Q: 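The structure that follows is given in the form of structure tokens.
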Amino acid sequence: MRTFSASEARARFGQLLDRVARGEEIMINRHDKPVARIVPEGRDSLEEVRRAIQSMRENRRRMAQRKGFKPLTDKEIRDAINAGRR
């Protein structure tokens, strides 16, 4: 994520919108403190992300209650990711 001062953002607003339209996220600071973030339209809202995370936690809890359930190790997960990249 690229950061711009408020005065820079004001002067280059059109360019920043072009960058956001291409998928980039922009942070705007005032007096070296973040005050705004410009994100592409259509991204998940924070509330949607929180609901998804809660749902995943609930699924993990239910899976852990199953008889004989054994979670994957970090190595098994990495191996599966690498196999998918081939």
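Residues: numbered from 1 along the sequence shown. All of these numbers come straight from a predicted model, not from anything done at the bench.
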Q: Ile26 and Arg19: which non-hydrogen atoms are nearest, and at how many Å?
A: CD1-NE, 4.4 Å
Q: Report yes or no: do Val49 and Met56 belong to one cluster of Ile/Leu/Val/Met/Phe/Trp/Tyr joined by side chain heavy-atom distances under 4.5 Å?
A: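 Same cluster: Val49 reaches Met56 through Ile, Leu, Val, Met, Phe, Trp or Tyr contacts under 4.5 Å.
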Q: At what distance, to the nearest 0.5 angstrom, does CG of Leu17 lie from CZ of Arg22?
A: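 Rounded to the nearest 0.5 Å, the CG-CZ separation comes to 11.0 Å.
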Q: Rounded to the nearest 0.5 Å, how far does CD of Glu24 lie from CG of Asp18?
A: 11.0 Å
Q: Do Met63 and Arg66 pass the side-chain contact (heavy atoms from CB on, under 4.5 Å) test, and can you show the C-alpha distance, the side-chain angles, and the key distance before you say yes or no?
A: CA-CA 5 Å; Met63 288 169 50; Arg66 293 181 183 166; 4.3 Å; yes
Q: Between Leu72 and Ile81, is there shared hydrophobic-cluster membership here, with clusters defined by ILVMFWY side-chain heavy atoms closer than 4.5 Å?
A: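 Leu72 and Ile81: one cluster.
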Q: Taking side chain to side chain donor-acceptor pair (under 3.5 Å) as the test, write out the residues that go with Gln54, two or more places apart.
A: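 With neighbours one apart ignored, the set is empty.
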Q: With sequence neighbours left out, what residues match Gln15 under side chain to side chain donor-acceptor pair (under 3.5 Å)?
A: Arg12
Q: For the pair Asp79 and Lys75, evaluate salt bridge (Lys or Arg N to Asp or Glu O under 4.0 Å) and give the outcome as yes or no after the intermediate values.
A: CA-CA 6 Å; Asp79 290 345; Lys75 182 181 180 330; 2.8 Å; yes
Q: Do other residues, nucleotides or ligands put more than 12 heavy atoms under 6.0 Å from Asn82 CG?
A: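 More than 12 within 6.0 Å, yes.
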Q: Check Pro34 against Met27 and note the closest heavy-atom contact, atom names and distance.
A: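 That would be CB-SD, 3.6 Å.
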Q: Nearest 0.5 angstrom please: Phe69 CZ to Arg62 CZ, how far?
A: 12.5 Å
